[in-house]
Amino acid sequence: MPAPRTVLLTGAAGGLGTLMRGLLPAYGYELRLFDVAPIEGEPDAVVADLRDRDAVREAVRGVDAIIHLAGISLEAPFDTILRSNIEGTYNLYEAAREEGVGRIVFASSNHAIGYTPRPRDGDPLIPVSTPHRPDTLYGLSKAFGEDLAQLYWDKHGVETVSVRIGSCFMEPTSVRMLSVWMSPGDGARLFHAALTAERVAHTVVYGSSANTRLWWDLTSARSLGYEPQDDSEQYADTLVAEQGELDPGNPDHARVGGHFVTNPPVWPH
Ligand code: NAI
Ligand code: 15L
């Protein structure tokens, strides 16, 4: 596929969207911004809900590719997750199919596999083929998104890179994040690789930097051309001094989803 130039960035008002608005133009992309929340200083941004099918279809029209970040990014009641993450992501894929957009980069999450035990010393890294084990309704919606992506590839030829993002923030803020952190710079490198790799069909990758304490296998991400340049270890001394090493007896530290696994459930609502 020819290198995409115009890219729809959904969730552009959010934390990751704001970071990517700053970093992706340097790769030559022209971003069309979409979010239900207005963005200060961006009068051309499309302000609409993913549930509005007409607005989504219009936003998708004419773009070369989509980076889909919009959605509820933490645990929430089922109806909230249903509207934004399940119905909203379906609407986006339908619009892409109808408008002939060939590639989507989908912001999945480590919480799609959050119940997976974290590797201990000597254990193998977690492969992308590990079964879905969502730790929340939120994680379940990301598992849905990955399966939706597979369906749209198999049935309609819409390509997706599903990025199971660890934690993408300016800096890691917990000892767990030393294993799962993706620096914003590496995030932009990974999204760029996902947009420009020759043929991706539906590829699942983990979104992390080259962390010394990494829990998962970056082989599929590297096969797209991703070359991470950062390592969270530079923050380890400070974070470990403050918080201590992960405690094998603490259920919040036992599985890759961290405290998402043990948070009180949101139901009944
Ligand atoms: P965020 O919560 O800061 O941003 C999400 C954005 O989506 C918000 O601006 C919100 O207004 C928008 N949005 C929500 N529902 C919408 C709807 N129905 N229609 C239109 N816009 C809607 O989240 P963040 O941190 O920027 O994450 C972006 C994406 O990446 C999310 O899908 C999240 O699940 C995923 N992700 C992020 C991680 C991270 O470390 N930041 C880790 C794993 C996944
Ligand atoms: C996510 O999926 C969330 O969107 C983000 O806010 C972080 O909590 C991240 O996972 C994480 O696991 O640290």
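In each ligand, atom 1 is the first atom listed, and ligand 1 is the first ligand listed.
- Within the 4.5 Å cutoff, side-chain heavy atoms of Tyr138 are placed close to those of Phe260.
- Aromatic ring centroids of His192 and Tyr29 lie under 6.0 Å apart.
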With side chain to side chain contact (heavy atoms under 4.5 Å, CB included) as the test, would you mind laying out the steps for Trp216 and Val256 before giving the verdict?
CA-CA 10 Å; Trp216 32 67; Val256 301; 4.0 Å; yes
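- The two residues Leu74 and Ile72 come nearest to each other via the heavy atoms O-CG2, 3.3 Å.
- Asp54 and Arg57 are not joined by a salt bridge, as no carboxylate oxygen comes within less than 4.0 angstrom of a charged side-chain nitrogen.
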Show the short N or O contacts, below 3.5 Å, that ligand 1 makes with protein N or O atoms; if there are none, say 'none'.
{"residue": "ligand 1", "atom": "2 (O)", "partner": "Ser73", "partner atom": "OG", "Å": "2.7"}
{"residue": "ligand 1", "atom": "3 (O)", "partner": "Gly15", "partner atom": "N", "Å": "2.9"}
{"residue": "ligand 1", "atom": "7 (O)", "partner": "Gly71", "partner atom": "N", "Å": "3.2"}
{"residue": "ligand 1", "atom": "9 (O)", "partner": "Gly14", "partner atom": "N", "Å": "3.1"}
{"residue": "ligand 1", "atom": "9 (O)", "partner": "Asp35", "partner atom": "OD1", "Å": "3.3"}
{"residue": "ligand 1", "atom": "9 (O)", "partner": "Asp35", "partner atom": "OD2", "Å": "2.7"}
{"residue": "ligand 1", "atom": "11 (O)", "partner": "Asp35", "partner atom": "OD1", "Å": "2.6"}
{"residue": "ligand 1", "atom": "15 (N)", "partner": "Ser84", "partner atom": "OG", "Å": "3.2"}
{"residue": "ligand 1", "atom": "18 (N)", "partner": "Asp49", "partner atom": "OD1", "Å": "3.0"}
{"residue": "ligand 1", "atom": "18 (N)", "partner": "Ser84", "partner atom": "OG", "Å": "2.9"}
{"residue": "ligand 1", "atom": "19 (N)", "partner": "Leu50", "partner atom": "N", "Å": "2.9"}
{"residue": "ligand 1", "atom": "21 (N)", "partner": "Val36", "partner atom": "N", "Å": "3.3"}
{"residue": "ligand 1", "atom": "23 (O)", "partner": "Ser73", "partner atom": "OG", "Å": "3.2"}
{"residue": "ligand 1", "atom": "26 (O)", "partner": "Gly15", "partner atom": "N", "Å": "3.2"}
{"residue": "ligand 1", "atom": "26 (O)", "partner": "Leu16", "partner atom": "N", "Å": "2.7"}
{"residue": "ligand 1", "atom": "32 (O)", "partner": "Leu69", "partner atom": "O", "Å": "2.8"}
{"residue": "ligand 1", "atom": "32 (O)", "partner": "Lys142", "partner atom": "NZ", "Å": "2.9"}
{"residue": "ligand 1", "atom": "34 (O)", "partner": "Tyr138", "partner atom": "OH", "Å": "2.6"}
{"residue": "ligand 1", "atom": "34 (O)", "partner": "Lys142", "partner atom": "NZ", "Å": "3.1"}
{"residue": "ligand 1", "atom": "40 (O)", "partner": "Cys168", "partner atom": "N", "Å": "2.7"}

Protein N/O near ligand 2 N/O, under 3.5 Å, which pairs?
{"residue": "ligand 2", "atom": "2 (O)", "partner": "Ser109", "partner atom": "OG", "Å": "2.8"}
{"residue": "ligand 2", "atom": "2 (O)", "partner": "Tyr138", "partner atom": "OH", "Å": "2.6"}
{"residue": "ligand 2", "atom": "4 (O)", "partner": "Ser73", "partner atom": "O", "Å": "2.6"}
{"residue": "ligand 2", "atom": "4 (O)", "partner": "Tyr138", "partner atom": "OH", "Å": "3.2"}
{"residue": "ligand 2", "atom": "10 (O)", "partner": "His111", "partner atom": "NE2", "Å": "3.1"}
{"residue": "ligand 2", "atom": "12 (O)", "partner": "Asn110", "partner atom": "ND2", "Å": "3.1"}
{"residue": "ligand 2", "atom": "12 (O)", "partner": "His111", "partner atom": "NE2", "Å": "2.7"}
{"residue": "ligand 2", "atom": "12 (O)", "partner": "Arg176", "partner atom": "NH1", "Å": "3.3"}
{"residue": "ligand 2", "atom": "12 (O)", "partner": "Arg176", "partner atom": "NH2", "Å": "2.8"}
{"residue": "ligand 2", "atom": "13 (O)", "partner": "Ser167", "partner atom": "OG", "Å": "2.5"}
{"residue": "ligand 2", "atom": "13 (O)", "partner": "Arg176", "partner atom": "NH1", "Å": "3.0"}

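- When the options Leu24, Val161, Leu31 are evaluated for a side-chain contact (heavy atoms from CB on, under 4.5 Å) with Ile67, the one that passes is Leu24.
- Look at Glu227 and Arg189 and you find no salt bridge, because none of the NZ, NE, NH1 or NH2 atoms lies under 4.0 Å from a carboxylate O.
- When atom types are taken as modelled, the side chain of Ser108 and the backbone of Ser162 share no donor-acceptor pair closer than 3.5 angstrom.
- Salt-bridge formation is not detected for the pair Arg53/Glu94: no Lys NZ or Arg NE/NH1/NH2 atom is positioned less than 4.0 Å from an Asp or Glu carboxylate oxygen.
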